[in-house]
**Student:** 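One structure, as structure tokens, below. Some questions next.
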Amino acid sequence: MEDIRNYIDGEFVEPLQGNYIDLIDPSKGSPYSKVPASDYQDVELALTSAEKAFQNWSSETIENRSILLHRIADLIEENLEELADAESLDNGKPKWLAKKVDIPRAAANFRFFAQAITQFSTQAHENHNSINFTLRQPLGIVATISPWNLPLYLFTWKIAPAIAAGNVVIAKPSEVTPQTAYLLSKLCKKAGLPNGVLNIVHGLGPDVGGVLTAHPKVKAISFTGSTKVGKMIAEVAAPAFKKISLEMGGKNPNIIFADCDYEKMLKTTLRSSFSNQGQICLCGSRILVERSLYTKFRTDFVEKTQALKVGPPSQERVDLGAVVSKEHYEKILNCIAIAKEEGGKILTGGNSVHPPGHENGYYIAPTIIEGLNQQCRTNQEEIFGPVVTIMPFDTEEEALALANATTYGLSATLWTTNINRANKFARGIQAGIIWVNTWLNRDLRTPFGGVKHSGVGREGGLEALRFFTEPKNVCIQYEF
Ligand code: NAD
């Protein structure tokens, strides 16, 4: 497979220092390609290119920007197979999942913002002697920094609104999963996106993301990743008064009441626990179950989990593929060891898996743990793997207190047919996203993001277009 190149000023270029990082296929644990280990010099090149492109792109008509975004969406759809192969190879996720979710969603991101920008409007405030109206102007050069769990999906979720709003972008994909970002750069070139509007600089976090965050020419940073790195970005960006949008970690509760639609809940809970090997920020990792249902739920959930197939991501019938990297694999296994030390009982899983022919890949059996209290590390720290805990509760008050007892606040899922209870929890849970009797049911028009240590700001819909523009009030006095 060809080595990856940076995409700067419409060209595919090697990193100036000629340094590369090995890319590892997590399904086999072996290297298969290389990604540039760029540094500040490559970032400077990208900044020069973006600076040059801004004037024309920001004054391009909305219709033309929209047409280009639609064209990129078309090309993503036409290249679905190749992109899904690349995503699965890079990340370890089942290919069917990349084909069904990741790549279609990347196309939908471009399509959505191609339309949204044509509907974006500003406000006017009139009084007896004047009218105020709000101009919303693009910011200039913006940086997007994204993670490895939904590589193209989250990469495009930031780029599409940024360029739709007339900004020029320096995008830094995860160094662990850069393939689809590279393929996207080729599609952008083919679509005729003007040079410099999107620049993709590959490399390690501090060497590229860190440089972008600190650079005075970068006006805003849209970041998705861990809370630890988000905090570092905030510390650098805040004194420079840059705009920041931070989408970070989670420890989401999945709260199950005995009056729920049981079969639907069970099926969905299996997905919300283990989809993408549990590596979705929105996965419910703390399952809280009303005591009267607890024993039945535990039996059925364990049985269904044991029926899940873990195996090579290229196989059609696997439910879980490999986790993303050796480092992450070891981290998850270490978290399971900590859970045992804390007194947790492993009801199923808890071990690595070695499928024939893929013995060195990074596979972990879906794991359910019980018997832990809410204060322990296992229930406080993000694991981001196929590991969940289950805990009983007796009252609504107790469930709500448990749900809110972490520093995170990204999302929560609630299972009940009692509408008053649903409303009470929707208001009471400290999170940015609440699902009632559903999970990962996404409407791209809605605000997306977390509270507490899970996030600052919102993405999605008009929120994203607001983030990527600066409001300016213009007041004109009437002369009658
Ligand atoms: P990470 O924070 O390690 O890396 C994310 C990105 O930041 C990568 O591109 C990385 O290279 C870059 N980076 C690392 N150090 C940096 C620095 N000093 N300055 C600037 N950039 C730097 O996260 P990850 O391991 O790639 O992803 C997993 C995390 O992402 C989990 O915590 C998960 O919850 C979170 N996540 C959150 C959401 C959300 O919407 N809230 C979505 C997906 C993933």
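First listed ligand is number 1; within each ligand, the first listed atom is number 1.
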**Student:** Any idea which protein heavy atom is nearest atom 27 (O) of ligand 1, and the distance to it?
**Tutor:**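 Atom 27 (O) of ligand 1 sits closest to the protein heavy atom P147 CB, 3.3 Å.
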**Student:** When you check the gap from the basic side-chain N to the acidic O, do E77 and K99 get nearer than 4.0 Å?
**Tutor:**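 K99 and E77: not salt-bridged.
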**Student:** At less than 4.0 angstrom from any non-hydrogen atom of L410, what atoms of ligand 1 do you find?
**Tutor:**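 With L410 as reference, the close atoms of ligand 1 come out as 41 (N).
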**Student:** Can you list the ligand 1 atoms lying under 4.0 Å from a non-hydrogen atom of F448?
**Tutor:**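 That gives atoms 40 (O) of ligand 1.
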**Student:** Provide the number and element of each atom of ligand 1 under 4.0 Å from a heavy atom of G209.
**Tutor:**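 Result: 19 (N), 20 (C), 21 (N).
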**Student:** Answer whether the closest heavy-atom distance between the side chains of C281 and E247 falls below 4.5 Å.
**Tutor:**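 Side-chain contact under 4.5 Å: no.
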**Student:** Can you confirm whether more than 12 heavy atoms, excluding those of K331, are under 6.0 Å from its NZ atom?
**Tutor:**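 Yes, enclosed.
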**Student:** Over 60° means perpendicular and under 30° means parallel, so classify the ring planes of F12 and Y182, tilted if in between.
**Tutor:**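 It falls in the perpendicular class, over 60°.
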**Student:** Quick one: does N149 get an N or O within less than 3.5 Å of an N or O on ligand 1?
**Tutor:**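 No; the residue has no nitrogen or oxygen that sits under 3.5 Å from a nitrogen or oxygen of the ligand.
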**Student:** I need the nearest protein heavy-atom contact for atom 19 (N) of ligand 1: residue, atom name and distance, please.
**Tutor:**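 I find the closest protein heavy atom is G210 N, 3.4 Å.
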**Student:** For ligand 1 and T227, I'd like to know whether there is a polar contact (N/O to N/O, distance under 3.5 Å).
**Tutor:**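 N/O-N/O distance under 3.5 Å: no.
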**Student:** Less than 4.5 Å apart, any side-chain heavy atom of V289 and any of M391?
**Tutor:**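 A side-chain contact is absent here, since even the closest heavy-atom pair is not under 4.5 Å.
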**Student:** State whether a side-chain donor-acceptor pair under 3.5 Å links K158 with S222.
**Tutor:**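 Present: a donor and an acceptor within the cut-off.
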**Student:** Looking at ligand 1, does any of its N/O atoms fall within less than 3.5 Å of an N/O of W148?
**Tutor:**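 Yes; the residue has a nitrogen or oxygen that sits under 3.5 Å from a nitrogen or oxygen of the ligand.
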**Student:** Any idea how W148 and F384 line up, ring-wise: parallel (<30°), tilted (30 to 60°), or perpendicular (>60°)?
**Tutor:**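 Rings of W148 and F384: perpendicular, over 60°.
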**Student:** Can you name the atoms of ligand 1, numbered from 1 with element, that are less than 4.0 Å from a heavy atom of M232?
**Tutor:**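 Taking each heavy atom of M232 in turn, ligand 1 has 18 (N) under 4.0 Å.
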**Student:** Is ligand 1 under 4.0 Å from a heavy atom in the side chain of I145, in the backbone, in both, or in neither?
**Tutor:**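 For I145, only side-chain atoms sit under 4.0 Å from ligand 1.
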**Student:** Using side-chain heavy atoms (C-beta onward) and a distance below 4.5 Å, is P366 in contact with V310?
**Tutor:**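 Counting from C-beta outward, P366 and V310 do come under 4.5 Å.
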**Student:** Considering non-hydrogen atoms of the protein only, which is the closest contact for atom 28 (C) of ligand 1, and what is the distance?
**Tutor:**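 Nearest protein contact, heavy atoms only, for atom 28 (C) of ligand 1 is F384 CE2, 3.7 Å.
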**Student:** Just to be sure I'm reading this right: ignoring hydrogens, which of G225, G249, P206, G205 gets closest to atom 35 (C) of ligand 1? Compare them by their nearest heavy atoms.
**Tutor:**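 Among G225, G249, P206, G205, the closest heavy atom to atom 35 (C) of ligand 1 belongs to G225.
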**Student:** If you count heavy atoms of other groups shown closer than 6.0 angstrom to NZ of K304, is the number above 12?
**Tutor:**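 Counting neighbours around NZ of K304, 12 or fewer heavy atoms of other residues, nucleotides or ligands fall under 6.0 Å, so no.
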**Student:** Using the rule side chain to side chain contact (heavy atoms under 4.5 Å, CB included), only one of V318, T348, L320 pairs with L308; which is it?
**Tutor:**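 Of the listed residues V318, T348, L320, the side chain to side chain contact (heavy atoms under 4.5 Å, CB included) partner of L308 is L320.
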**Student:** Measuring from non-hydrogen atoms of S174 to any atom of ligand 1, is the shortest distance under 4.0 Å?
**Tutor:**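 True for this residue.
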**Student:** Flag the pair D39 / Q17 as yes when at least one side-chain heavy-atom distance between them is below 4.5 Å, and no otherwise.
**Tutor:**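 D39 reaches Q17 side chain to side chain.
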**Student:** Would you kindly say whether E342 and T378 are connected by a side-chain donor-acceptor distance under 3.5 Å?
**Tutor:**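 Yes, a side-chain donor-acceptor pair sits under 3.5 Å.
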**Student:** Would you say atom 4 (O) of ligand 1 makes contact with the protein, given that contact here means a non-hydrogen protein atom less than 4.0 Å away?
**Tutor:**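 False for atom 4 (O) of ligand 1.
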**Student:** Going by the side chain to side chain contact (heavy atoms under 4.5 Å, CB included) test, name the single residue among N276, N91, N149 that passes it with V324.
**Tutor:**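 Result: among N276, N91, N149, N91 is the only option passing the side chain to side chain contact (heavy atoms under 4.5 Å, CB included) with V324.
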**Student:** May I ask you to identify, for E382, whether its side chain, its backbone, both or neither come under 4.0 Å of ligand 1 on a heavy-atom basis?
**Tutor:**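 Under 4.0 Å from ligand 1, E382 contributes side-chain atoms alone.
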**Student:** Which atoms of ligand 1 are found less than 4.0 Å from any heavy atom of L154?
**Tutor:**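 So the atoms of ligand 1 that pass are 42 (C), 43 (C).
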**Student:** Report yes if M248 has an N/O atom closer than 3.5 Å to an N/O atom of ligand 1; otherwise report no.
**Tutor:**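 Between M248 and ligand 1, an N or O pair is found under 3.5 Å apart.
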**Student:** Looking only at protein heavy atoms, which one is nearest to atom 10 (C) of ligand 1, and what is the separation?
**Tutor:**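 Among all protein heavy atoms, the one nearest atom 10 (C) of ligand 1 is E175 OE1, 3.7 Å.
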**Student:** Can you check whether S454 has an N/O within less than 3.5 Å of an N/O in ligand 1?
**Tutor:**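 No - when backbone and side-chain N and O of S454 are compared with those of ligand 1, no distance drops under 3.5 Å.
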**Student:** Could you see which bit of E247 sits under 4.0 Å from ligand 1, with heavy atoms only: side chain, backbone, both or neither?
**Tutor:**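 Looking at E247 and ligand 1, atoms from backbone and side chain both fall under 4.0 Å.
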**Student:** Can you list the atoms of ligand 1 that are under 4.0 Å from a heavy atom of F223?
**Tutor:**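 This gives 2 (O), 5 (C), 6 (C), 7 (O) as the contact atoms.
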**Student:** Do I433 and L282 have side-chain heavy atoms sitting under 4.5 Å apart?
**Tutor:**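 Of all side-chain heavy-atom pairs linking L282 with I433, at least one is under 4.5 Å.
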**Student:** Considering C281, P178, P173, which one's heavy-atom position lies nearest to atom 36 (N) of ligand 1?
**Tutor:**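 Heavy atom nearest to atom 36 (N) of ligand 1 belongs to C281.
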**Student:** Strictly under 4.0 Å, does any heavy atom of S146 approach an atom of ligand 1?
**Tutor:**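 The answer is yes, since S146 has a heavy atom less than 4.0 Å from ligand 1.
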**Student:** Among S226, A143, A214, which one puts a heavy atom closest to atom 2 (O) of ligand 1?
**Tutor:**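 Result: the heavy atom closest to atom 2 (O) of ligand 1 is in S226.
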